[in-house]
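Let me begin by handing over the structure; questions about it come next.
What's counted below: heavy atoms across the whole structure, side chains too, no hydrogens, waters or symmetry copies. All residue numbers in this chain count up from 1 along the given sequence.
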Amino acid sequence: MSQLDPDGIDPAVVASVSSAALEHAERLGCTNADVRIERIRSQGVRLRDARLETAADDTEVGVGVRVFHRGAVGFAATVEVTPESAIRLVDQAVDAARTTALAARGPVELAPEPAHGLVVWSSPYRVDPVSIPLADKVALFQDWSSRLLGSPGIDHVTASMMGVSETKHYADL
């Protein structure tokens, strides 16, 4: 996908998608709206008795929009990360808000919260687990499993791991 860079989603794509969604939400009279754009990369490996059973490497990209329209909340999401799809999402989320308004006892209000500006957060890690090639992980688990199987009293060994790396961008009105 051209919209991906090694660390997530191209900042120009993030800016254009976020702007399109929030500007359209404002035009439709939403009292609040937020957009989340994310990339989730996951890898999983499972060996049984030093033999590979499963190996998977997956990347998911998507955008979600939540709107507050006439006292009701609506949400929509897609895997298409473009300004045009963001505008369609806002329309879908507003339609969802109209539907949820039919069952509401009263208007939904957000708790007052001051703006936090630009915030970057990252959990601590030395090596991003999904940056390690699957072949290297399989070789390591095969080595460990083989050594365990060579020990007295060990009949079977199961080795597995799941690594996930998430990049999320959030913007709101």
Side-chain angles (χ1 to χ4, degrees), residues 1-45 55-134 137 160-173:
M1 281 185 151
S2 61
Q3 65 198 25
L4 294 179
D5 69 21
D7 297 317
I9 301 169
D10 183 317
V13 171
V14 170
S16 64
V17 170
S18 296
S19 294
L22 296 176
E23 289 168 11
H24 190 58
E26 207 164 31
R27 279 193 302 273
L28 293 181
C30 295
T31 54
N32 204 334
D34 53 63
V35 59
R36 290 168 178 81
I37 303 167
E38 63 182 50
R39 173 185 182 256
I40 302 171
R41 177 136 184 245
S42 59
Q43 285 184 336
V45 176
D57 190 345
D58 186 44
T59 301
E60 299 175 44
V61 179
V63 59
V65 173
R66 180 179 63 164
V67 300
F68 293 80
H69 186 263
R70 297 186 181 164
V73 180
F75 178 81
T78 185
V79 295
E80 186 181 356
V81 185
T82 65
E84 298 78 18
S85 67
I87 289 169
R88 287 192 302 273
L89 282 181
V90 171
D91 290 335
Q92 293 168 5
V94 168
D95 286 344
R98 289 183 183 124
T99 301
T100 61
L102 300 173
R105 292 184 180 183
V108 174
E109 295 181 28
L110 289 173
E113 177 69 25
H116 297 279
L118 178 63
V119 176
V120 175
W121 181 86
S122 178
S123 61
Y125 60 86
R126 285 185 231 166
V127 176
D128 181 352
V130 298
S131 70
I132 300 168
L134 280 172
K137 292 173 188 165
S160 64
M161 64 77 55
M162 177 66 145
V164 178
S165 177
E166 297 183 23
T167 303
K168 296 184 185 226
H169 302 273
Y170 171 87
D172 62 32
L173 289 177

Can you give me every donor-acceptor pair (side chain of residues 113-127, partner residue at least two apart or in another chain, under 3.5 Å) with its distance?
unit_1 : atom_1 : unit_2 : atom_2 : d
Glu113 : OE2    : His116 : NE2    : 2.6
His116 : NE2    : Pro114 : O      : 3.4

Student check: side-chain heavy atoms of Ile9 and Thr167 closer than 4.5 Å
no
Give me each pair satisfying salt bridge (charged side-chain N to carboxylate O under 4.0 Å, His left out) with a member in residues 163-173, each pair once, sequence neighbours excluded.
Glu38-Lys168, Glu166-Lys168
Closest heavy-atom pair and its distance - Asp128, Ser165:
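That would be OD2-OG, 3.3 Å.
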How would you list, by chain and number, every residue that makes a side chain to side chain donor-acceptor pair (under 3.5 Å) with Ser18, sequence neighbours excluded?
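So Ser18 forms no side chain to side chain donor-acceptor pair (under 3.5 Å) with any residue.
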If you look only at distance, which donor and acceptor atoms sit under 3.5 Å apart when one is on a side chain in residues 89-96 and the other is two or more places apart or in another chain?
unit_1 : atom_1 : unit_2 : atom_2 : d
Asp91  : OD1    : His24  : NE2    : 2.7
Asp95  : OD1    : Arg98  : NH1    : 3.0

Rounded to the nearest 0.5 Å, what separation is found between the CZ atom of Arg39 and the CG atom of Asp10?
12.0 Å
Mind listing the closest non-hydrogen atom pair of Ser42 and Val164 along with its distance?
CB-CG2, 4.0 Å
Just so I know, are the side chains of Glu60 and Val79 near enough to count as touching, which here means a heavy-atom distance under 4.5 Å?
no
What heavy-atom pair brings Gly44 and Leu134 nearest, and what distance separates the two atoms?
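Heavy-atom minimum between the residues: O-CD2, 4.2 Å.
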From Arg88 CZ over to Thr82 OG1, what is the distance, rounded to the nearest 0.5 angstrom?
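OG1 of Thr82 is found 5.5 Å from CZ of Arg88.
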Output a table of donor-acceptor pairs, distance under 3.5 Å, between side-chain atoms of residues 61-70 and any protein atom two or more places apart or on a different chain; print 'none' if there are none.
unit_1 : atom_1 : unit_2 : atom_2 : d
Arg66  : NE     : Asp34  : OD2    : 2.9
Arg66  : NH2    : Asp34  : OD2    : 2.7
His69  : NE2    : Leu28  : O      : 3.2

By side-chain contact (heavy atoms from CB on, under 4.5 Å), which residues pair with Pro83, not counting sequence neighbours?
Ser16, Val17, Ala20
